[in-house]
Amino acid sequence: MLLPDRNTVERLLRHYRAQELALLAGPCDLTVRRRFEDTAYTLCVLMGVRSTPEALRAAEHYLTVRTPSTTPL
């Protein structure tokens, strides 16, 4: 199974959190809302889930759990 790059997941999660704050500061700004929704959608696709809460949990879990390193053949 292919796994997303940890740096990409971390960067996207930080971006999501920043967009979330921007949306709270300007809830009527359609540009901010669109960026937030695009970021949430990208996070869902990257984590392979259908909802934003699932994607957030999956991304946070993915970043905290260490995967066993593979040994070269």
Side-chain angles (χ1 to χ4, degrees):
M1 180 171 134
L2 291 176
L3 297 174
D5 177 55
R6 284 186 184 277
N7 293 331
T8 303
V9 174
E10 186 176 8
R11 181 182 51 80
L12 190 58
L13 194 54
R14 275 195 321 266
H15 187 65
Y16 175 87
R17 297 293 185 205
Q19 292 297 325
E20 189 175 42
L21 291 175
L23 184 61
L24 289 172
C28 295
D29 188 337
L30 294 179
T31 302
V32 171
R33 179 170 296 281
R34 204 167 294 123
R35 283 186 195 141
F36 176 73
E37 290 172 355
D38 288 347
T39 303
Y41 174 79
T42 303
L43 190 60
C44 287
V45 170
L46 187 65
M47 299 313 298
V49 296
R50 292 181 177 223
S51 73
T52 302
E54 283 181 288
L56 293 171
R57 282 191 300 273
E60 289 167 354
H61 179 73
Y62 180 69
L63 292 174
T64 58
V65 173
R66 290 276 184 207
T67 57
S69 60
T70 57
T71 56
L73 297 175

| Between Leu63 and Glu60, is a side-chain contact (heavy atoms from CB on, under 4.5 Å) present by the stated rule, with each step listed? | CA-CA 5 Å; Leu63 292 174; Glu60 289 167 354; 6.0 Å; no
For Thr52 and Leu43, what are the C-alpha separation, side-chain angles and deciding distance, and is it a side-chain contact (heavy atoms from CB on, under 4.5 Å)?
CA-CA 7 Å; Thr52 302; Leu43 190 60; 5.6 Å; no
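Closest heavy-atom contact between Val65 and Arg6: O-NH2, 2.7 Å. Shown here for Met47 and Pro4, the closest heavy-atom pair between the two residues is SD-CG, 4.4 Å.
Summarising the geometry, atom CZ belonging to Arg35 is positioned 8.0 Å from atom CG belonging to Asp29; distances are rounded to the nearest 0.5 Å. Between Arg17 atom CZ and Glu20 atom CD the span is 5.5 Å, to the nearest 0.5 Å.
Linking ILVMFWY residues whenever their side-chain heavy atoms come closer than 4.5 Å, directly or via other members, leaves Leu12 and Tyr41 in distinct clusters. Both Leu3 and Leu46 belong to a common hydrophobic cluster when Ile, Leu, Val, Met, Phe, Trp and Tyr are linked at side-chain heavy-atom distances under 4.5 angstrom. Hydrophobic clustering (ILVMFWY, side-chain heavy atoms < 4.5 Å, transitive): Leu24 and Leu13 are in distinct clusters.
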